[in-house]
Asker: 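My structure is below; once you've seen it, I'll send some questions.
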Amino acid sequence: MSVSRPGARAQSLTSRLAGLGPRRLGKVAAVLGLAVTAAFGGLDRVDPSVTAVKPGQSYDDGALAITVKRARLVPTLTAGDRVLSTAEPGSQYLAVVAALANDGTEPVPLGREIDLLATEATQVGAFRLADGTSTAYLGPGLSDEFAFVWQLPETVLRPGQTVSLRIWKKQYRELMVGSGKGWVDGTDYGVVELTAESRR
Amino acid sequence: MTSSAALRGATRALASAAVIAAGAVVSQNLPAGSEIYAPFPVAGVLGEAAGGRGITATVTGVQIAPEVLVTPKVGAPKSFSAIGQWVVVQTSMRPGDRTEFAHADLTAGPRTYLPTDRLPPGSTLGGTIQPGFVSRGAWVFDVAPDALDSAPRDGPVTLRAWVGDGRLDSRLEINLVLGDSRVVRSQRAEVSAPEVVPG
């Protein structure tokens, strides 16, 4: 039976590291870096799970149950006989109607509930379909239909073309900036594709 | 390399690993920011003044209704329907010795509600309160009906009010006993624009 001294073992490790060469040393450093990162909480996944959601199908994004129903291009936003806003010449509004239900305990912001996958679109806001009032939140235990509205050039989207929407999965957690908790987008999302109906 | 130099190198590596491991353990067990900076609750009841640093408030009445008639400072009164039920909390507020920005929310058991943003701007409380003046008006919330049973199954209904960002500061928590005679249920509540009076 042989017994090696600690100094000799350390010297052996040092010698072996010195003999690895730059590429292997780089790999060892990368593994150590990953191990330290994992110890502090790990990395987020970079391969998001994408769920195809059909129009009329409910999708649970972690904060709300959302059912996207239809998309319509209109030149004017109205609530009953009241005109809310008229688009500038050459532009139009896209209104996406969705039913929302908040079964949780916290209010959910609506401003970033749906992403329109189109450039040159400016988000106008979310409006309660029943009376045209705009709102930024849906409180817990409440459900209703809302119109999510964007303004975009007439050349970007025409009636009959497909509209792609992204709905991020969300988590209610401690915010990294400031203090307190809030809804934070995850990496997974649902995609809804529907046809833009013609303007009335 | 001498054996003593190698031993020092190994010791440094082990010490570094131990410090990193300890840092990882600490980082995984730190209290959350919302706990570190949590406000200090100040309990209050309907009809009595509740005072904390920067804010004193009295809830003078509560209306619960599916509709609310809003009378703005300018223009005709207009009616708005709730998604659930409107909870109109009539409140008078004043700050301490400096101007403050007042906030509020409403808790019903585990649920939290923000003041509605569906009513005309300036028709409800929220915003600056000035020293030497009392602001009288209403906080208005759109609340799920099942949270407003006379004996809420999930816990009490509470108006929480604070100034600034609320961190490490007083937060008034005024219990709204829904069976109280000052809590009125009707088909239509009424809200007038807040008034500011010396006081």
Side-chain angles (χ1 to χ4, degrees), chain A residues 4-15 17-18 32-33 35-42 82 100-111 125-146 172-182, chain B residues 1-14 16-17 20-28 30-38 79-85 105-120 141-148 154 165-168:
Chain A
S4 57
R5 289 177 297 113
R9 254 181 289 168
Q11 189 173 16
S12 167
L13 177 64
T14 310
S15 303
L17 283 174
L32 284 173
V36 170
T37 304
F40 281 92
R82 191 163 50 99
L100 308 179
N102 180 351
D103 295 326
T105 59
E106 301 295 332
V108 178
L110 303 183
F127 298 83
R128 186 183 180 220
L129 209 59
D131 56 16
T133 52
S134 68
T135 186
Y137 288 91
L138 181 64
L142 300 177
S143 58
D144 208 346
E145 286 192 330
F146 294 85
Y172 191 74
R173 66 182 194 200
E174 290 287 334
L175 299 172
M176 300 293 285
V177 179
S179 66
K181 293 181 175 179
Chain B
M1 183 184 287
T2 64
S3 62
S4 62
L7 184 60
R8 279 201 300 275
T11 306
R12 286 194 196 110
L14 284 172
S16 300
I20 291 171
V25 170
V26 170
S27 77
Q28 298 294 326
L30 284 174
S34 57
E35 296 170 9
I36 296 170
Y37 298 107
S79 189
F80 296 85
S81 63
I83 298 173
Q85 292 273 309
D105 64 18
L106 187 89
T107 62
R111 294 171 177 168
T112 303
Y113 293 90
L114 297 175
T116 186
D117 58 353
R118 290 178 47 221
L119 304 183
F141 305 90
D142 195 345
V143 178
D146 64 354
L148 299 173
D154 294 329
D165 64 13
R167 288 185 294 178
L168 296 174

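Letters A, B, ... mirror the listed sequences (proteins, then strands); counts begin at 1. Bear in mind the structure is a predicted one, so any value in this text is a computation, not a measurement.
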Asker: Relative to chain A, which segment of B/Ser27 carries a heavy atom at a distance below 4.5 Å: side chain, backbone, both, or neither?
Answerer: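 Side chain only.
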Asker: Which region of B/Ala82, side chain (C-beta onward) or backbone (N, CA, C, O), has a non-hydrogen atom less than 4.5 Å from a non-hydrogen atom of chain A, or is it both or neither?
Answerer: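 Backbone of B/Ala82 only, per the 4.5 Å heavy-atom cut-off to chain A.
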Asker: I need the residue from A/Asn102, A/Thr133, A/Leu138 with the largest number of non-hydrogen atom pairs under 4.5 Å to chain B.
Answerer: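 Between A/Asn102, A/Thr133, A/Leu138, the count favours A/Thr133.
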Asker: Between chain A and each of B/Ala38, B/Ser34, B/Ser81, B/Gly166, count heavy-atom pairs under 4.5 Å; write down the option with the most.
Answerer: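 The candidate making the most pairs under 4.5 Å is B/Ser34.
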Asker: Are any non-hydrogen side-chain atoms of A/Thr135 and B/Asp142 less than 4.5 angstrom apart?
Answerer: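 Counting from C-beta outward, A/Thr135 and B/Asp142 never come under 4.5 Å.
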Asker: I need the minimum non-hydrogen distance between B/Asp117 and A/Ala136, along with the two atoms involved.
Answerer: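 Heavy atoms of B/Asp117 and A/Ala136 come nearest at OD2-N, 2.7 Å.
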Asker: Quick one: side chains of residues 139-146 of chain A, donor-acceptor pairs under 3.5 Å with protein atoms, not counting sequence neighbours, listed by atom name and distance.
Answerer:
from, atom 1, to, atom 2, distance (Å)
A/Asp144, OD2, A/Arg128, NE, 2.6
A/Asp144, OD2, A/Arg128, NH2, 3.2
A/Glu145, OE2, A/Lys69, NZ, 2.4

Asker: So what's closer than 4.5 Å to chain A heavy atoms on B/Val143: side chain, backbone, both or neither?
Answerer: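 Just its backbone gets close to chain A.
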Asker: Quick check for you: among B/Pro145, B/Ala144, B/Ala24, which has the greatest number of heavy-atom pairs under 4.5 Å with chain A?
Answerer: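 Counting heavy-atom pairs under 4.5 Å, the top option is B/Ala24.
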Asker: Below 4.5 Å from any heavy atom of chain B, which atoms of A/Leu175 appear? Answer side chain, backbone, both or neither.
Answerer: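 Contact with chain B: none, neither part.
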Asker: Is B/Thr11 close to chain A through its backbone or its side chain, or both, or neither, when contacts mean heavy atoms under 4.5 Å?
Answerer: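 B/Thr11 has no heavy atom closer than 4.5 Å to chain A.
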Asker: Indicate the atoms forming the closest heavy-atom contact of A/Glu174 with B/Gly33, along with that distance.
Answerer: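 Heavy atoms only, the tightest pair is OE1-N, 3.5 Å.
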Asker: What part of B/Phe141 is in contact with chain A, defined as an atom under 4.5 angstrom from a non-hydrogen atom: side chain, backbone, both or neither?
Answerer: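 It is neither, since no heavy atom gets under 4.5 Å.
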Asker: At a 4.5 Å cut-off on heavy atoms, which part of B/Arg118 comes close to chain A: side chain, backbone, both, or neither?
Answerer: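 The answer is both parts of B/Arg118.
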Asker: Name the option with the most non-hydrogen atom pairs under 4.5 Å to chain A; the candidates are B/Gly23, B/Gly9, B/Gly84, B/Ala13.
Answerer: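 If we count pairs closer than 4.5 Å to chain A, B/Gly23 comes out on top.
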